[in-house]
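Heads up: the structure comes next, in structure tokens.
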Amino acid sequence: MTPTRRKRLYLVLGILAGVAIAAVLALQAFRSNVMFFFDPTQVAEGEVQEGARFRLGGMVQEGSVQRVSGTLETRFVVTDFKHELNVTYSGVLPDLFKEGQGVVAHGRLNAGGIFVADEVLAKHDEKYMPPEVERSLKRGESRLEPAQGG
Amino acid sequence: MLPEVGHFALILALLLAAAQSLFGLVGPWRRDARLIRAVVPAVTGQFVMLALAFGCLVWSFVHNDFSVQLVASHSNSALPIYFRVAAVWGNHEGSMLFWVLVLAVWSLSVAAFSGNLPAAFSARVLGVLGIISTGSILFSLATSNPFARLQPGPPDGVDLNPVLQDLALTLHPPMLYVGYVGFSVAFAFACAAMLEGKLDQTWARWTRPWTTVAWMFLTVGIALGSWWAYYELGWGGWWAWDPVENSILMPWLLGTALIHSLAVTDKRGLFKSWTLLLAILSFSFCLLATFMVRSGVLVSVHSFAADPGRGIFILALLALTIGGALALYIWRAPLLRSQAGFDLSSRESFLLFNNILLVIATGVVFGGTLAPMIADGLGLGTISVGAPYFNPTFLLPMLPLLALVSLGMFAHWKRGGLGGSRRRILGSLALALAVGLAIMLGLYGDRSLLGPLGVVLGLWIIISALIDPVDRLRRGLSLPPAIAGMTLAHVGLGIITVGITTMETRMLERDVAMKPGDSVQLGDYTFRFDEVRDVEGPNYDAKQARVEVLRDGRAEVLLLPERRHYWVQRQSLAEAALGVSWRRDLLTTLGEELGEGAWSVRLQVRPLMRLVWLGSALMALGGLVAAMDRRYRRREREAEAASAAAVAQGQPQGQQA
């Protein structure tokens, strides 16, 4: 091999090694950090791994939002019109959080089966329904029409 | 009447765009000078028609013509006139019309500034742009006609979404679109070169300023969007790794790679096929970004009620553009081999690593953005990928990249050996280490690894970027705009790195319930919640809190966060209050009433946040300055003479491959 070719070979091998390492690390980060989405029915059927952090999606049930007066704590019920799940959240709620609207919350189930959210997302366009929530509602073959068909 | 004129003008523009692509591609192929001469009039005519169509739409918005469906659903007579104009592109149909108008402006600029290009080549460039334009106008007419009427028209419109009623956001989409569409010029240059089967250093020199200007607009667009998310969405998030944000970041990363790869092709005649591939990919990702935003395939907080039919149309357009260009690439790129070699520690190598790392970064973002879609398609469940994935994997290629940026600036073209610059390398690194560690350990007491590392790398980039221009000025040499611009952009990158690292590692944040009279301590700052009162704006009423911030017992700044209630759309929105200085940003957001006179409040202290915006501005300014360099606008002959003269003088630039 000529010196130029050898140098080029090292360069190519180095690049390949770099890309391979990057890919492995990225996959690792992906595996440990990806979050699954579940609706209340899937939670009720025990599909959630114990202690796992996940995304819960559904509608905020009408009349379910309760505040502990004077504190940040809020309790509400997320429903897919088949099953319900109690949620508690301590923090500032997003602008479009409303009863009867779609919501996605990040968090875990506690020992008492209550979903402790550390992040609550509502979309900033009120005509818009998170697609995953919409699909989950369709799956549930709800008799009720979603408030705004998204 | 006027909306119909606009609609008609849009149809005429479609025909002219088709003519433009036909003349531009067939003319050079058949060597028909008459067809080639007809390209520019077609471009001009298309621009005039699109400007007329856009003007008609603006007129309808300004004059509150609610019989136009678009106006009725996105504007309101109570909306200030400035936002009525901005509402034209604050929606899907209007923004698509804006997109094609921007494309026409770019095409017209290519036609106007291509006096130094061979006529056949510039005809091909305009021909390729014509194809893109035809597809886009067809999309606008077929799936999203902005001039559709409502019969009968409602008495008033439903208003612009309140989160969009903001100065930065009215400028953000236009800037972004100008950037996206600008990459079509580099794409067209690449396709034209492949059609000719000839790509030399002159080609790279022609392409560079267009790419740099497009990149500059993209930079400004991203910065404005991030700034808007930072203060308008109210929660202090400036980058959330949201799919739509990622879709903007990917063409920017590839565009940055393209700028550097073009520099190598220009100076050394190397990386030819790689540069072509990057030019194709950058524009493809711009189209992909449009597809992601407009089709609703991705779950995103930015998705504004999208439509799948449109998605399929854009996807088809995307497949045709990318597929066609890649087929051309496979067919033609082997003709364009580069012959010259280079040393492992030459500037070419460093720019190659820059490109590889930027492409890896793009790949990481791409993987994370598309994974939810793929998992969903394969029935693996609905997943979401967020910051816990993106932060570490994005840093993985970015940290070595930042270190190599500094080192690369000491390297020479072609020949290796950094030995000659060893003193400067070690000196600049030592200075960066001393200052960086002094700040992070001394001032902030940061014991983490990432904080000091990022600050040191950022400072090292700033110092090494300044060495060469300072040296030139000291020796009484001129500072060409290309080098001044490069320096500005690199200094900007260093400043952003310092800003982001400090802000992300030293940020303080708390959600609290506060009653009038309550105080909360956050770092050195005391936030005192004084009172809440009612205020009224032009189209909303609001609760306004008075939050006095004290530092060491002295009043620092008074913040007035609001919770607004917009009348027409009946939406409640938080308007955050910012106290800005070079040291830190103080941010308060008013949540909601919690009972017993208490309110939920989010308090944040973000050190050095301003550096992020300053750095972005410097990067964009650098792009603008570099694109102004006269070197890119010289005729072929003059440029060759100049570079021959440079070689004769022993300057290491412009060597022929």
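For the options B:S600, B:S349, B:P388, heavy-atom pairs under 4.5 Å to chain A are most numerous at B:P388. For chain A, the option among B:V512, B:V359, B:L352, B:L357 with the highest count of heavy-atom pairs below 4.5 Å is B:V512.
A distance of 10.0 Å separates CZ of B:R602 from CG of A:L72, quoted to the nearest 0.5 Å. One distance of note links CZ of A:R67 with CD of B:E593; it measures 10.0 Å at 0.5 Å rounding.
No side-chain heavy atom of B:L594 sits under 4.5 Å from any side-chain heavy atom of A:T71. Residues B:Y389 and A:V34 fail the side-chain proximity criterion, which asks for heavy atoms closer than 4.5 Å. Under the 4.5 Å side-chain criterion, counting only non-hydrogen atoms from C-beta, B:I383 is not in contact with A:M35. Side-chain contact check for B:I360 versus A:V19: some heavy-atom pair is nearer than 4.5 Å.
When heavy atoms are compared at a cutoff of 4.5 Å, B:F353 approaches chain A solely by way of its side chain, counted from C-beta outward. A:I15 touches chain B through its side chain: at least one heavy atom from C-beta onward sits under 4.5 Å away, while N, CA, C and O do not. Using a 4.5 Å cut-off between heavy atoms, B:A513 contacts chain A through both its backbone and its side chain.
Around atom CD of A:Q28, no more than 12 heavy atoms belonging to other residues, nucleotides or ligands sit under 6.0 Å away.
Of all the heavy atoms in B:T393 and A:A26, the pair that sits closest is CG2-CA, 3.4 Å.
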